[in-house]
Amino acid sequence: VQLQASGGGLVQAGGSLKLSCAASGRTFSMYTMAWFRQAPGKEREFVAAIRWSGGGANYADSVKGRFTISRDNAKNTWYLQMNSLKPEDTAVYYCAAGTPVVVGTPRYYNYWGQGTQVTVSS
């Protein structure tokens, strides 16, 4: 199983970016797809998650109203639309897939992408 994250880059505060995570090697019909991020010197933190089979999404309080997670089952891909970006959103963003007991806890995710850097300048 491989997860390939892409779409990161450098953007000014207030700008937008859309991250993608393309999955291959298996089907994810029973899985939760998520995004985490890790800033230098900090622990990896939960950003957003969505179930492959549908239902609502979960968001960290820090990104609610600014970020939107979505998926395209036909393409085995999920996305993170990030609007109104702030300098504190700067981090390496990782996509993940798993069957978490707790959606926001990294150790419950079996599969991880390689990460994509997002840098927001002030």
Next on the checklist: Determine whether the aromatic ring centres of residues Phe36 and Tyr109 are separated by less than 6.0 angstrom.
Outcome noted: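 Between Phe36 and Tyr109, which both carry aromatic rings, the centre distance is below 6.0 Å.
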Checking [X] side chain against [Y] main chain: does a donor-acceptor pair fall under 3.5 Å?
X	Y	value
Thr90	Val120	yes
Glu43	Gln38	no
Asn76	Ala23	yes
Tyr93	Ala5	no
Thr77	Lys75	yes

Checklist entry - Does atom CD of Gln2 have more than 12 heavy-atom neighbours, drawn from other residues, nucleotides or ligands, at distances under 6.0 Å? => result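 It does not: Gln2 CD has 12 such atoms or fewer within range.
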Next on the checklist: Atom CZ of residue position Arg44 - does it have more than 12 heavy atoms of other residues, nucleotides or ligands inside 6.0 Å?
Outcome noted: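 Check passes, neighbour count above 12.
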Next on the checklist: I'd like to know if Asp89 and Lys86 make a salt bridge, using a cut-off of under 4.0 Å between side-chain N and carboxylate O.
Outcome noted: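 No.
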Next on the checklist: side-chain contact (heavy atoms from CB on, under 4.5 Å) for Leu80 and Thr68? Distances and angles first, verdict last.
Outcome noted: CA-CA 6 Å; Leu80 186 69; Thr68 302; over 6 Å; no
Rounded distance (nearest 0.5 Å) linking atom [atom1] of [X] with atom [atom2] of [Y]:
X	Y	atom1	atom2	value
Cys21	Met33	SG	CE	7.0 Å
Tyr59	Trp35	OH	CH2	12.5 Å
Met82	Ser16	CE	OG	8.5 Å
Lys18	Ser70	NZ	OG	5.5 Å
Cys95	Leu19	SG	CG	9.0 Å
Met30	Arg51	CE	CZ	8.5 Å

Next on the checklist: Checking side-chain polar atoms at under 3.5 Å, does Gln4 have a donor or acceptor matched by the opposite partner on Ser6?
Outcome noted: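 There is no such pair (donor and acceptor under 3.5 Å, judged by atom type) between the side chains of Gln4 and Ser6.
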Checklist entry - Any side-chain donor paired with an acceptor under 3.5 Å for Arg26 and Tyr31? => result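 Yes, Tyr31 and Arg26 have a side-chain donor paired with an acceptor closer than 3.5 Å.
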I'd like to check [X] versus [Y] (side-chain heavy atoms, cut-off strictly below 4.5 Å). Are they in contact?
X	Y	result
Val118	Leu17	yes
Thr99	Tyr108	no
Asn58	Phe46	yes
Trp78	Leu3	yes
Asn73	Trp52	yes
Asn83	Leu85	no

Checklist entry - Of all heavy-atom pairs between Val47 and Phe67, which one has the smallest distance, and what is that distance? => result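 Of all heavy-atom pairs spanning Val47 and Phe67, the closest is CG1-CD2, 3.7 Å.
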Item to check | Working for side-chain contact (heavy atoms from CB on, under 4.5 Å), residues Ser62 and Arg37 | outcome: CA-CA 12 Å; Ser62 59; Arg37 67 186 182 186; 3.5 Å; yes
Checklist entry - Where does the angle between the aromatic ring planes of Tyr94 and Trp112 fall among parallel (under 30°), tilted (30 to 60°) and perpendicular (over 60°)? => result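 Judged by the thresholds at 30° and 60°, the geometry between Tyr94 and Trp112 is perpendicular.
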